[in-house]
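As the structure is a prediction and not an experimental result, all values here were calculated from the model. These numbers come from the heavy atoms of this one structure, side chains and all, not from hydrogens, waters or symmetry mates.
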Amino acid sequence: MAHVILKNVSKIFSGNVIAVDNISLEIKDKEFLVLVGPSGCGKSTTLRMVAGLEEISSGEIYIGDRLVNDVPPKDRDIAMVFQNYALYPHMTVRNNMAFGLKLRKFPKAEIDKRVRDTAEILGISELLDRKPKALSGGQRQRVAVGRAIVRKPQVFLFDEPLSNLDAKLRVQMRTEISKLHARLQATMIYVTHDQIEAMTMGDRIVVLKDGIIQQVDDPITLYDRPQNKFVAGFIGTPPMNFVNGKIVEENGNLFFDEDNFKVMIPAQFKKQLAPYAGKPVVFGTRPEHLYEPLSNLKDRPGMAPLKAKVEIIEPMGAEIYVYLTTGKTPLIARLDPHIKVDIDEMMDLLVDMEKAHFFDKETEKTII
C-alpha cells in the first residue's frame, strides 16, 4: 500500500470554472480518508484527478513516492469503484472480476486463485457464473468492489459507491466496506455527499465547499470542534441550529441576545467573546443540546431557559425531532419520544450553553 499526497492541486474547467482550488492533502498509508461535501464541491473531481481520469490544471499528485501527474491511469496502481458499478453486462461475475488481470497477462492459475479468494471474502462465491442482470444492486456492488480487490492495488478509490442502493442496504454495505478496510489494511479514499457515511466510515474526513478544503479532522473533532459555520452546519443530523444575534454586556455579564431569545454566556467563554460585545455573532447549538426542562437539569451549570413555539413533530422511534420557532428563528430539538408535546403550543426548553458554539458573523469562522 502507499500514501497519497496532493500539493497545491487545482482543476479549472473551460469558462474559468474552478472545480478544485489549490488543495493540499496527505492521505496516510493504510488510512481510510473520506471526501465529503455538497454537490459541486469538487470531491469527485479530486478523486478523478488522483485516478488520472481528470487532468490537473496545476499542482502535483504523488502515489507512494512517485509523481504521477503524467502517468496514465492504468499505470498508477490504483483501483476505482464507481457509483454505477460499471460491470460488463455480457460477462459473468468471474470474468468481470478477472478482466483487469487478463489484460495485464497474469497467469491463469493466479487469476483463478485471486478471483476465488476475493469472492470468498465478499460472500459472492455462488454468484461467479451469473451475469450482472441476474444480480441485485447490493450483489453488483460487491462484484465491483471485488474487481478492485483482485488487482491488489496500492490505493482504492470509491466514488459514491452506495448512492444507488436502498437505505437498509447502504447501512449494510458501509459496514462491509469498513470491515474490508480493516482486513486488507489498504489505503482507501472514499467520496460521498452523505455525512453519515463519512462520520461512520472515515479515519479522517475532508470537508469541501466550492473546491476549497474547509477542515480535515477525525469524525469526533469535526463534530465537537468545527472550524467554521459551514462545517458545523454540514456535519450532524439533524443539522446544528443557528441564531443570528449580538453579544451584549450587562452588570459584568455577557449575554447572547436575539430579541426573542436571550441567554447568559458561561464564564469560561467570556474571554473569547468579550471583544464581540455590541457586535453581531451567530450562535449555534446542536438539537441534542436542547432539553425539556426536567427538574434534574434545571440546576445544572450552563443551562439557560428558552421558550419556543412547536411547529412540526417528527417521530423517529427512539427519539423525536421537534421543529420550533422563537420569534422568526427556526430551531430543531432532538427529544425523548415519550414527552407530551403538541403542535402550536409554547414549549419550555433548556439550552446547554456550555456546549454552545459562536461564529463570527462576517467571516463565519468559529469563535468558540
Side-chain angles (χ1 to χ4, degrees), residues 21 36-38 40-41 195 207-217 221-291 293 300-312 321-334 346-368:
D21 192 358
V36 69
C41 71
Q195 52 95 9
V207 182
L208 285 160
K209 177 191 177 190
D210 299 331
I212 299 171
I213 293 176
Q214 303 295 307
Q215 188 171 348
V216 184
D217 257 313
T221 301
L222 269 184
Y223 192 80
D224 288 340
R225 297 195 295 279
Q227 290 179 1
N228 58 43
K229 184 185 171 191
F230 175 80
V231 175
F234 190 81
I235 299 296
T237 303
M240 183 181 287
N241 296 299
F242 295 116
V243 184
N244 291 310
K246 62 183 178 181
I247 301 297
V248 296
E249 186 174 359
E250 296 177 5
N251 301 321
N253 293 314
L254 291 181
F255 293 82
F256 172 78
D257 189 1
E258 178 265 351
D259 295 333
N260 295 286
F261 174 45
K262 187 175 181 179
V263 288
M264 183 182 288
I265 306 296
Q268 63 265 37
F269 296 160
K270 286 179 71 173
K271 184 177 179 181
Q272 296 101 310
L273 287 171
Y276 287 86
K279 297 179 181 177
V281 296
V282 179
F283 166 78
T285 184
R286 295 206 177 274
E288 62 269 28
H289 298 149
L290 294 174
Y291 302 93
R300 206 170 84 182
M303 287 293 178
L306 165 70
K307 190 178 284 287
K309 182 182 177 183
V310 177
E311 301 285 350
I312 299 173
Y321 297 163
V322 182
Y323 293 76
L324 312 113
T325 53
T326 173
K328 294 181 180 178
T329 301
L331 297 170
I332 308 173
R334 208 162 103 182
M346 294 302 294
M347 186 176 187
D348 290 310
L349 292 165
L350 294 171
V351 185
D352 190 344
M353 293 300 296
E354 295 195 342
K355 294 181 179 176
H357 301 260
F358 291 89
F359 306 91
D360 187 291
K361 175 73 171 172
E362 292 184 11
T363 66
E364 296 195 345
K365 289 183 178 179
T366 300
I367 304 168
I368 294 172

Q: So which atom in P239 and which in G233 form the shortest heavy-atom distance, rounded to 0.1 Å?
A: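 Of all heavy-atom pairs spanning P239 and G233, the closest is CB-O, 3.5 Å.
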
Q: Roughly how far, to the nearest 0.5 Å, is CD of E288 from OG1 of T285?
A: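 Those atoms lie 8.0 Å apart.
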
Q: Within the structure provided, determine whether T366 and V231 are in side-chain contact (heavy-atom separation under 4.5 Å).
A: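 T366 does not reach V231 side chain to side chain.
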
Q: Can you tell me how far the CG atom of N244 sits from the CZ atom of F359, to the nearest 0.5 Å?
A: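 Taking CG in N244 and CZ in F359, the distance rounds to 11.5 Å.
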
Q: Less than 4.5 Å apart, any side-chain heavy atom of Y276 and any of F358?
A: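 Heavy-atom side-chain distance check fails, nothing below 4.5 Å.
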
Q: Are any side-chain N or O atoms of K229 and backbone N or O atoms of G284, one a donor and one an acceptor, separated by less than 3.5 Å?
A: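 No, because the side chain of K229 does not come within donor-acceptor range (under 3.5 Å) of the backbone of G284.
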
Q: Between atom CG of L273 and atom CD1 of I247, what is the distance when rounded to the nearest 0.5 Å?
A: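 If I round to the nearest 0.5 Å, the distance is 4.5 Å.
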
Q: In a check of side-chain contact (heavy atoms from CB on, under 4.5 Å) between M303 and each of V263, D352, L349, which one passes?
A: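 Single side-chain contact (heavy atoms from CB on, under 4.5 Å) partner of M303 among V263, D352, L349: D352.
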
Q: Is the backbone N or O of E364 less than 3.5 Å from a side-chain atom of N228, with the two atoms forming a donor-acceptor pair by type?
A: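 No; judged by distance alone, with no hydrogens or angles, the pair does not exist.
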
Q: Between L290 and L350, is the side-chain contact (heavy atoms from CB on, under 4.5 Å) condition met? List the steps.
A: CA-CA 6 Å; L290 294 174; L350 294 171; over 6 Å; no

Q: At what distance, to the nearest 0.5 angstrom, does CD1 of I212 lie from CG of D21?
A: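 Spacing of CD1 (I212) from CG (D21) equals 4.5 Å.
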
Q: So, do D348 and K307 sit near enough that their side-chain heavy atoms are less than 4.5 Å apart?
A: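 Touching, per the 4.5 Å side-chain cut-off.
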
Q: For a quick test of reading the model, state the closest non-hydrogen atom pair linking Q227 to D217 and the distance between them.
A: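 In this case the closest contact between Q227 and D217 is NE2-OD2, 4.2 Å.
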
Q: Can you tell if the side chain of D360 reaches within under 4.5 Å of the side chain of V281, non-hydrogen atoms only?
A: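 The answer is no, as the side chains (C-beta and beyond) never meet within the 4.5 Å cut-off.
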
Q: Is it true that a side-chain atom of R286 and a backbone atom of Y223 form a donor plus acceptor pair closer than 3.5 Å?
A: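 Side chain of R286 to backbone of Y223, a donor-acceptor pair under 3.5 Å: yes, one is there.
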
Q: Would you call the rings of H289 and Y291 parallel, tilted or perpendicular, where under 30° means parallel and over 60° means perpendicular?
A: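 Tilted.
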
Q: To the nearest 0.5 Å, what is the distance between CE on M264 and NZ on K270?
A: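 Rounded to the nearest 0.5 Å, the CE-NZ separation comes to 8.5 Å.
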
Q: Can you tell me if E250 has over 12 outside heavy atoms packed within less than 6.0 Å of its CD?
A: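 More than 12 heavy atoms, drawn from other residues, nucleotides or ligands, come within 6.0 Å of this atom.
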
Q: Hey, what do you get for NZ (K271) to CD1 (I368), rounding to the nearest 0.5 Å?
A: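 That separation rounds to 12.0 Å.
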
Q: Are any non-hydrogen side-chain atoms of N241 and I332 less than 4.5 angstrom apart?
A: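 Of all side-chain heavy-atom pairs linking I332 with N241, at least one is under 4.5 Å.
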
Q: Hey, does F261 have a side-chain heavy atom less than 4.5 Å from the side chain of T329?
A: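 No, every pair of side-chain atoms sits at 4.5 Å or beyond.
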
Q: Determine whether V36 and F234 make a side-chain contact, defined as any pair of heavy atoms from C-beta on separated by less than 4.5 Å.
A: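 Sidechains of F234 and V36: in contact.
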
Q: For E354 and R300, run side-chain contact (heavy atoms from CB on, under 4.5 Å): C-alpha distance rounded to whole Å, both residues' side-chain angles, the deciding distance at 0.1 Å, then the answer.
A: CA-CA 10 Å; E354 295 195 342; R300 206 170 84 182; over 6 Å; no

Q: I'd like to check F256 versus K262 (side-chain heavy atoms, cut-off strictly below 4.5 Å). Are they in contact?
A: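 They are not in side-chain contact.
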
Q: Is it the case that the side chain of T326 and the backbone of A308 share a donor-acceptor pair, with hydrogens and angles ignored and the cut-off at 3.5 Å?
A: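 Not confirmed, T326 side chain does not pair with A308 backbone.
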
Q: Could you go through L254 and F269, starting from their C-alpha distance and side-chain angles, then the distance that decides it, and tell me whether this counts as side-chain contact (heavy atoms from CB on, under 4.5 Å)?
A: CA-CA 9 Å; L254 291 181; F269 296 160; over 6 Å; no

Q: Grab the two heavy atoms, one from M240 and one from P287, that are nearest each other, plus how far apart they are.
A: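 Shortest heavy-atom separation between M240 and P287 comes out as CA-CD, 4.3 Å.
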
Q: Could you tell me whether a side-chain N or O of Q215 sits under 3.5 Å from a main-chain N or O of R225, the two making a donor and an acceptor?
A: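 Present.
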
